[in-house]
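Written out below as C-alpha cells is the structure these notes cover.
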Protein chains: 2
Amino acid sequence: MSKPATIKDIAQRLNISVSTVSRSLRNAPDVNIETRQAVIALSEELNYQPNKLALSLRQKQTHTIGVIVPNLDYVLSTMVRGIDEVALEAGYTVMVCQSNESYGREILNTARLLDSLVDGFIVSVSSETKIFDHFKKIQHRGLPMVVFDRIAPQLTAPSVRLDNEEGGLLATEHLLEQGYKRIAVLAGPANLGVSNSRLDGYLKTLKKYKIKKDDSLIMHCDFNQDYAYYATLELLAMKKRPDAIFTISDRMAIGAMLAIKEKGLRMPSDIGLVGFNNEPVASLVTPMLSSIDMPSFELGKAAARLFIESMNTSEDLSQVEEILRPKLCIRESSRRLA
Amino acid sequence: MSKPATIKDIAQRLNISVSTVSRSLRNAPDVNIETRQAVIALSEELNYQPNKLALSLRQKQTHTIGVIVPNLDYVLSTMVRGIDEVALEAGYTVMVCQSNESYGREILNTARLLDSLVDGFIVSVSSETKIFDHFKKIQHRGLPMVVFDRIAPQLTAPSVRLDNEEGGLLATEHLLEQGYKRIAVLAGPANLGVSNSRLDGYLKTLKKYKIKKDDSLIMHCDFNQDYAYYATLELLAMKKRPDAIFTISDRMAIGAMLAIKEKGLRMPSDIGLVGFNNEPVASLVTPMLSSIDMPSFELGKAAARLFIESMNTSEDLSQVEEILRPKLCIRESSRRLA
DNA sequence: AACGTTTCCGGTAACGTTTCCGGGATTTTC
DNA sequence: GAAAATCCCGGAAACGTTACCGGAAACGTT
C-alpha cells in the first residue's frame, strides 16, 4: 500500500533540494536551523526511514555480519546469542547460516553471504572441513574474519576460544581427587581440534601426577550419543575396566551413562563420569552429570567485539587470540567424597 | 585486495556498452551470439558476481525473508532449519531474529528487518505480545507475512500450526487407556494459545469419556521447569492426588518428574506422565518420558512454502490455515499395560 | 566602495544494475 | 530497388542515497 517515503519526497514537499534534505537528516553543517527543523518534522510525519540498500550501495558497507556455524545446538546457539547482543549494540545485523557440519554447505554459505555483501565474517568451522580456500577467499577480498570456538590453525585470523586443555585438566584432576584410578576418555573424531585439546589436558594431567597413560583407555568416536554408547560398552568389557570416564561432550556422556546403567554399574560409586559443555540436560539426567562449564554467551560476545574492533582498526589483529577459561561443575555422577 | 569485478569492467575490456553486457549475462534477446560468448567468457575469467545490492535497489526485491522467533529452543530451531531448507532452495536468504519472548524486542526486530528491506516475514509470536500493530505495519506495507506455530487470531495472515487440540486429546486418551483415573494438567500461562488448545483437547476427551472435570486438577504456571516442579508438589499434596499428569511441554514434564521422584512416587506405576514436543531429552531422563511428537521440521518447511506461494500469487491467502498432526510417542513414564 | 568571509543551498556525479528507447546497419520482401 | 522488417547495439534514466563543488546572498571589514 503506502510505499515508504524517500528523501526526494521530502525535498519536493518542502521545495528544496535532496542534498539539503540529506544534510539536514545527518545533521551535517551548512544548513539553516529552520530548514533543518522543517525537514526533521516532515520526515517524522512521513515516518521516513532511510533506504538501507541505497545507503549500502553508496558507501559500500552493509553493516551486516555473516555468521557461519556448524549447527545450532545449545552451546553454539548461546554463542550466537552473544554475538547478536553486541552486534546489535554496535549497529550491525547478523545473518546466521548453518553448515550442518558439511564442508560443501560451508562453501555454499560463504559464497552466498559473500555476494550478499556482508561486511565480514564470524566463523566456527565445520568438523568436516580440511581445506580452507573458501575462508581465505574472504580474507583475499579484504574482509575481516574472526574465528571462534572451532578454530583452525590453518587460518591466520583473530580468534576466540575456550581453553580446552584446561577443561581436560580440570576434569581429570577432579576425578583423581575423588580417588578414581583408571580414567578413560571418550574423545571425538581425531581431526577435531577441540577434542584433541581436551585430550591433551587429560594427558598432561596424567603426566603431572606421574600416571602412565594407557592407550586402551582412550577411545575416539563420532561426536554422537550412539557411538559413545557403544564405545562405553567396549570400555566396560575390558578385563581391567576403567573406574571413571571423561567424555569430551555431554551428548557423549549421556550415551556413556546409558551403557553404564545397562551394565548394572552405579555412578558415582562404581564408576565416575564427567562431561563437557554443561548443557541444561546435565542436571536433568539421573544421576546428575558433572560437567565442564564454558562461558558460551561471553565467548560469543568476545568474538563479536573482536570483529568490530577489526572493522574499526587498520592494524593486523590476525595474531590476536582470546582464550576463555572453563569451570568445573561437580554433580552427582562424580562426587563420591564428602 | 582484489575488488570484485563489475559489469562496467567487462564492458570496458570488451569495448562494448554496459547494456550489452547486462543483456548477454541475462541471456536476453538482441545480442549477437559472438559478443555474448565473449562476455560470458570474460565474466567467468574475472569471476564476476552481480552486485546484489544494486540489483535489489533496482528491482525492489532483496530475496531475503525476515524470520522472527521467540527463542531458539529445540523445537523452534528445528522449524527454522525447515524454513531455511526450502527458502534456500527457492533462492531466498533468511535473517533470523530472536525476540526472547519480549514484546519490545519483537517490535525492535520487525522494525530493523523492515528497514533492512526484507521481502516479507515468517513469524512466530512471542508469548508476551498482546498488541499486534508492529505486525500489521508489515501488512500495511504490502509485504507478505506468514505466521507459524505460535499463531494469533488477531492476525489475519496465512498460518501453519500443529493441531494442538489433537495433541491434548492423544495424551489424555492414552492415559485413560492405561487405566489412569485422575489426570491432572500442567498448562502454560493462560494467555498462551498453544497451551489453551492442548488443554481444550484434554477437556474434550474428558467429556467424550463422560468424566467430569475437576478444576483443581488444572494448574496454570509459567513455561518453565521450576514452576512446573512447584506446581507438581502442590498437586501431589492434594488429599485425592492425581494418578497421572499431562504437561504441555517436556520442559515442564522434567520439572514434574523431579517433584514426583522427590515424593518417593514411581512412574508409571504410582503415577503416569506425558509431555509435549518430544524433545531429545525425553529419551534421556529416567524413566524415559512419553511425549507428543510434532513434525517441527515439516512445519517449518510448510511455513516457508506458504510464504513463497504468497510471494508469487496475487490471491489473498490470509485465510489459508495449514494444520499438521501430532503423534503420540509412548515411553516408560506412562506405559503400565503390556 | 570594494573586498573577503561566512552561511546556506542546489546541481551533479557516483555506487552497480536493469530497462526502455531510438537508431544505424543489415537483411528480407514484393 | 525501394520499403519494410530484423538484428545489434549504445545512450540515458532510474532505484535512493551521499559527497563534492560551485555559487548566490548576506554580512563584516577596511
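By convention in this document, chain letters (A, B, ...) are assigned in the order of the sequence lines, proteins followed by strands, and residues within each chain are numbered from 1. Atom set for the values below is all heavy atoms of this structure, side chains included, hydrogens, waters and symmetry mates excluded.
- Across the protein-nucleic acid pair, A:Leu46 atom CG and D:dG16 atom P stand 14 Å apart, rounded to whole Å.
- The only member of B:Asn109, B:Thr110, B:Leu108 that meets side chain to side chain contact (heavy atoms under 4.5 Å, CB included) when paired with B:Cys97 is B:Asn109.
- In this structure, CG of A:Leu57 is placed 17 Å from P of C:dA13, rounded to the nearest angstrom.
- Judged as a side-chain contact (heavy atoms from CB on, under 4.5 Å), and not counting sequence neighbours, the contacts of B:Asp73 are B:Asn71, B:Val75, B:Leu76.
- A donor-acceptor contact closer than 3.5 angstrom is absent between the side chains of A:Ser19 and A:Ser22.
- Near DNA chain D, meaning a heavy atom under 4.0 Å away, the residues from residues 14-28 of chain B are B:Asn15, B:Ile16, B:Ser17, B:Ser19, B:Thr20, B:Arg23.
- The side chain of A:Lys52 places no N or O atom within less than 4.0 Å of a non-bridging phosphate oxygen (OP1 or OP2) of D:dG16.
- Looking only at atom types and distance, the side chain of A:Thr129 has a donor-acceptor partner in the side chain of A:Glu106 under 3.5 Å away.
- Across all their heavy atoms, B:Ala152 and B:Phe132 have their closest contact at CB-CE2, 3.5 Å.
- Minimum interatomic distance between B:Phe307 and B:Pro144 (heavy atoms only, all atoms of both residues): CE1-O, 3.8 Å.
- Residue B:Pro50 has its side chain nearest to C:dT17 when only D:dT17, C:dT17, C:dC9 are considered.
- Nucleotide D:dA14 holds its C1' atom 14 Å from the CG atom of B:Leu55, rounded to whole Å.
- Within 4.0 Å (heavy atoms only), A:Asn32 reaches sugar-phosphate atoms of the nucleic acid but no base atom.
- Separating the CG atom of A:Asp30 from the C1' atom of D:dC20 is a distance of 12 Å, rounded to the nearest angstrom.
- Between B:Glu101 and B:Arg150, at least one side-chain N (NZ, or NE/NH1/NH2) sits under 4.0 Å from a carboxylate O, which counts as a salt bridge.
- Considering all non-hydrogen atoms of both residues, A:Ile151 and A:Val160 come closest at CG2-O, 4.2 Å.
- Side-chain N/O atoms of B:Asn100 and B:Ser102 include no donor and acceptor closer than 3.5 Å.
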Would you sketch DNA chain D in dot-bracket for me? Only Watson-Crick or G-U wobble pairs with both distances under 3.5 Å count, crossing pairs as [ ], other-strand pairs as |, the rest as dots. ||||||||||||||||||||||||||||||

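- In the region residues 33-40 of chain A, proximity to DNA chain D at under 4.0 angstrom, judged on heavy atoms, holds for none of the residues.
- Residue A:Pro29 is out of contact with every strand shown, counting any heavy-atom pair closer than 4.0 Å.
- If you measure from atom CG of A:Asn51 to atom P of C:dC15, you get 18 Å, rounded to the nearest angstrom.
- Residues meeting the side-chain contact (heavy atoms from CB on, under 4.5 Å) test with B:Tyr74, sequence neighbours left out: B:Thr78, B:Glu279, B:Pro280.
- Of the candidates D:dG16, C:dC15, D:dT17, C:dC15 carries the atom nearest the A:Lys60 side chain, counting heavy atoms from C-beta on.
- No more than 12 heavy atoms of other residues, nucleotides or ligands sit less than 6.0 Å from atom CD of A:Glu89.
- One can place CD of B:Gln49 at 15 Å from C1' of C:dT17, the figure rounded to the nearest angstrom.
- When the side-chain contact (heavy atoms from CB on, under 4.5 Å) test is applied to A:Glu321, the partners found at least two apart in sequence or on another chain are A:Ser159, A:Arg161, A:Ile323.
- With rounding to whole Å, A:Lys3 atom NZ is found 14 Å from D:dC15 atom P.
- One atom, CD1 of B:Ile7, and another, C1' of C:dT19, lie 12 Å apart when rounded to the nearest Å.
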